[in-house]
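Before any comments, here is the structure.
What you see below is based on every heavy atom in this structure, not just the backbone, and it leaves out hydrogens, waters and symmetry mates.
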Amino acid sequence: MEGGGYRRLFRALLLLPGLCLGFNIDVRRPRVFPGPAQGQFGYKVLQRASGGDKWLLVGAPWDGDRQGDIYKCRVGPPNATCAKANLGSAAPWLVPLPGHNVHLGMTLLDSKDGGFVACAPLWSQECGTSVFSTGICARLDEDLRPVGTIAPTAQRCSTYMDIVIVLDGSNSIYPWYEVQNFLSNILSKFFIGPGQIQVGVLQYGERAVHEWVLGRYRTAEEVVEAAKNISRQEGRETRTAFAIHRACTEAFSPERGGRADATRLMIVVTDGESHDGEELPEALAECEKRNVTRYAIAVLGHYLRRQQDPEDFIREIKYIASDPDEKYFFNVTDEAALNDIVDALGDRIFSLEGTHGYNESSFELEMSQIGFSIHLLEDGILFGTVGAYDWDGAVLEESRRGRIIPPRKAFQQEFPLELKNHAAYLGTGGGRPEGRGVNRGCSMSRRFRMNRGCSVPRRFGRDVLRDVG
């Protein structure tokens with residue numbers, strides 16, 4: 001074929017859509033953008049253009065003691081430098097827990113709204129004594145200002161609870177400092193803080209008073225100190241039904257710091273039969289309606305000191321407690337013995353159904369590390385979640401159709417039980433295959449360091465991860 005024929009063939013091939021992608025590198029007059037080597041400057045690079053200016057966004061995921069950050073480098077002026085975004089200051093929610101890395105800037109992606117997405121796969125949250133690396137991604141505008149977060153795998157901590165202690169402060173409680181010691185000791189066991197436990201206290205006798213509301217104190221040290229300063233209310237009557245009704249209808253309300261999606265617990269501590277026992281059914285019905293789980297503690301000191309039979313009293317406190325009694329009912333010989341049940345009460349609270357025990361070894365999405373890889377779809381984003389399902393890994397789609405997260409069982413064929421301990425890391429890489437079909441995530445065996453291919457199940461329940469291009 002003569003030269004003219006080759007040129008015509010070449011031009012014709014260039015017109016075929018998707019056949020060729022080209023790029024240029026100026027090897028004679030390169031522009032070099034310096035950055036901190038220790039921050040892994042250049043780990044990810046994104047080209048941007050705005051208002052006639054051209055920029056490079058450069059990820060440095062080890063910058064700032066491995067918090068990570070983004071640099072903005074202007075293309076054009078010969079002496080231009082790169083400006084650090086300092087996203088940790090602009091977005092406090094990106095600041096890591098003390099001693100933990102987040103690696104912001106490990107992935108960068110254009111979004112279709114003119115901004116872009118940057119991910120920090122090792123962003124973590126504290127849940128009780130555990131730290132879970134769910135990962136987080138930030139939406140930023142063209143001026144590197146954070147405008148929102150994406151953390152679709154971040155689950156509520158099992159310690160996301162609102163706890164109200166309903167405390168009998170009538171004259172028969174004695175000595176009061178033992179009750180204060182009990183309060184301090186049990187409160188010191190709680191994981192108090194944003195995203196975890198809030199505690200309120202309502203003291204009662206003839207009347208009911210909110211000593212402090214949910215969320216007023218933000219640390220265990222603060223609530224323990226507050227407990228030491230509670231003085232006994234006193235009173236000749238013990239209106240337990242009135243106090244329970246008020247706690248369930250008021251103490252958990254948004255006006256008093258209650259969170260609609262938090263687990264609601266009540267701890268009732270009393271040393272005598274109520275003077276308004278006929279109102280207990282109505283009060284407890286209000287608690288049931290509001291999904292309040294009740295622990296009830298009977299202090300027998302007043303009965304034993306007077307050598308009285310506490311049988312009716314115990315029956316009433318068991319009625320107040322949620323079922324079954326062996327889990328939600330306690331009785332102690334006197335006020336000093338309250339401290340003997342602190343550990344048992346704490347263990348029962350933190351083993352509620354639906355929460356994870358501290359020795360739980362099977363992870364769902366708690367360690368998912370979202371944003372380890374990321375891919376733009378026609379109407380959304382596909383995320384790699386390499387740590388999901390005990391590091392088998394998974395992929396997640398967030399688009400106009402909503403959020404699609406395949407359950408563990410969707411990967412049973414790809415990750416059979418005999419490979420359970422190999423950790424496939426699905427979602428390490430990803431992209432869209434040629435032609436129409438499913439979006440794919442690639443996996444890598446942790447044990448053997450070998451590529452195990454790219455796949456995702458075509459169906460998981462009613463949802464399908466599919467190519468919408």
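Within 6.0 Å of NZ on K189 lie no more than 12 heavy atoms contributed by other residues, nucleotides or ligands. Within 6.0 Å of the NZ atom in K72, the count of heavy atoms belonging to other residues, nucleotides or ligands exceeds 12.
Considering every non-hydrogen atom in both I230 and Q180, the closest pair reads O-NE2, 2.7 Å. The nearest pair of heavy atoms linking G371 to T107 is O-OG1, 2.9 Å. In this structure, I370 and C137 approach most closely via the heavy-atom pair O-SG, 4.4 Å. Residues R294 and Y328 come closest through the heavy atom pair O-CB, 3.5 Å. Pairing each heavy atom of H103 with each of P61, the nearest pair is ND1-O, 2.8 Å. Between F330 and A344, the closest heavy-atom pair is CE2-CB, 4.1 Å.
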task: Evaluate the criterion side-chain contact (heavy atoms from CB on, under 4.5 Å) for residue pair T240 and I320; output intermediate values, then yes/no.
output: CA-CA 10 Å; T240 306; I320 291 172; 3.9 Å; yes
task: Step by step, work out the side-chain contact (heavy atoms from CB on, under 4.5 Å) result for V164 and V292.
output: CA-CA 10 Å; V164 173; V292 178; over 6 Å; no
query: Between N339 and N185, does a side-chain hydrogen bond (donor to acceptor under 3.5 Å, both in side chains) hold up when you go through it step by step?
result: CA-CA 7 Å; N339 291 288; N185 289 335; 2.6 Å; yes
- prompt: Does the side-chain contact (heavy atoms from CB on, under 4.5 Å) test come out yes or no for Q38 and W62, once each step is laid out?
  reply: CA-CA 7 Å; Q38 70 276 13; W62 270 255; over 6 Å; no
field: Working for side-chain contact (heavy atoms from CB on, under 4.5 Å), residues D309 and Y303
entry: CA-CA 7 Å; D309 185 358; Y303 288 86; over 6 Å; no
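At a threshold of 4.0 Å, the pair E286-R290 counts as salt-bridged, since one of the basic side-chain nitrogens sits closer than that to a carboxylate oxygen. Using a cutoff of 4.0 Å between basic side-chain nitrogens and carboxylate oxygens, E279 and R246 are not scored as salt-bridged. Looking at R315 and E273, no side-chain N of the basic residue comes within less than 4.0 Å of a carboxylate O on the acidic one, giving no salt bridge.
Using a 4.5 Å heavy-atom cutoff, the side chains of D69 and N86 are in contact. The closest side-chain heavy-atom distance from V213 to Q198 is not below 4.5 Å. Side chains of I165 and L187 form a contact here, defined as non-hydrogen atoms less than 4.5 Å apart. The closest side-chain heavy-atom distance from D325 to D323 is below 4.5 Å. Side-chain contact between L338 and I297 is present, with at least one heavy-atom pair separated by less than 4.5 Å. For the pair L104/Q67, no side-chain contact is recorded, criterion being any heavy-atom separation below 4.5 Å from C-beta on. Between F242 and S274, the closest side-chain pair of non-hydrogen atoms is not below 4.5 Å. Proximity of T238 to Y204: side-chain heavy atoms (C-beta onward) are separated by under 4.5 Å at one or more points.
The CG atom of D340 sits 8.5 Å away from the CG atom of D334 when rounded to the nearest 0.5 Å. One distance of note links CD1 of I381 with CG of L376; it measures 6.5 Å at 0.5 Å rounding. The line from CG of L214 to CD1 of I197 is 11.5 Å long, rounded to the nearest 0.5 Å. The line from CD of Q196 to OH of Y160 is 11.5 Å long, rounded to the nearest 0.5 Å. Within the model, atoms CD of E250 and CD of E255 stand 10.0 Å from one another, a figure rounded to the nearest 0.5 Å. Rounding to the nearest 0.5 Å gives a distance of 5.0 Å between CG of D168 and CG of D271.
With R239 contributing its side chain and E206 its backbone, the two residues share a donor-acceptor pair below 3.5 Å. A donor-acceptor pair under 3.5 Å is absent between the side-chain atoms of Q369 and the main chain of P121, judged by distance alone. Counting only distance, with no hydrogens or angles, the side chain of R232 and the backbone of I173 share a donor-acceptor pair below 3.5 Å. With hydrogens and angles disregarded, a donor-acceptor distance shorter than 3.5 Å links the side chain of D276 to the backbone of A241. Without hydrogens or angle criteria, N171 side chain to E234 main chain gives no donor-acceptor distance under 3.5 Å. For E316 (side chain) and G277 (main-chain N/O), no donor-acceptor pair under 3.5 Å exists by modelled atom type. The closest donor-acceptor contact from the side chain of R348 to the backbone of K327 lies under 3.5 Å. Listed for the N229 side chain is a donor-acceptor partner under 3.5 Å among the backbone atoms of E225. S124 places a side-chain N or O within 3.5 Å of a backbone atom of L122 that can act as its donor or acceptor partner. Between the side chain of N331 and the backbone N or O of L300 there is no donor-acceptor pair closer than 3.5 Å.
Using bins of under 30°, 30° to 60° and over 60° for the plane-to-plane angle, the ring pair F41/Y71 lands in the perpendicular bin. Taking the six-membered ring where tryptophan is involved, the planes of F350 and F190 are perpendicular, since the angle between them exceeds 60° and thus also 30°. Between Y217 and W212, the ring planes are perpendicular. Angles over 60° get that label, and only those under 30° would be called parallel.
Remark: of the listed residues I341, V342, V224, V342 is the sole one forming a side chain to side chain contact (heavy atoms under 4.5 Å, CB included) with I186. Of the listed residues (L345, L167, V332, V299), just one forms a side chain to side chain contact (heavy atoms under 4.5 Å, CB included) with F182, and that residue is L345.
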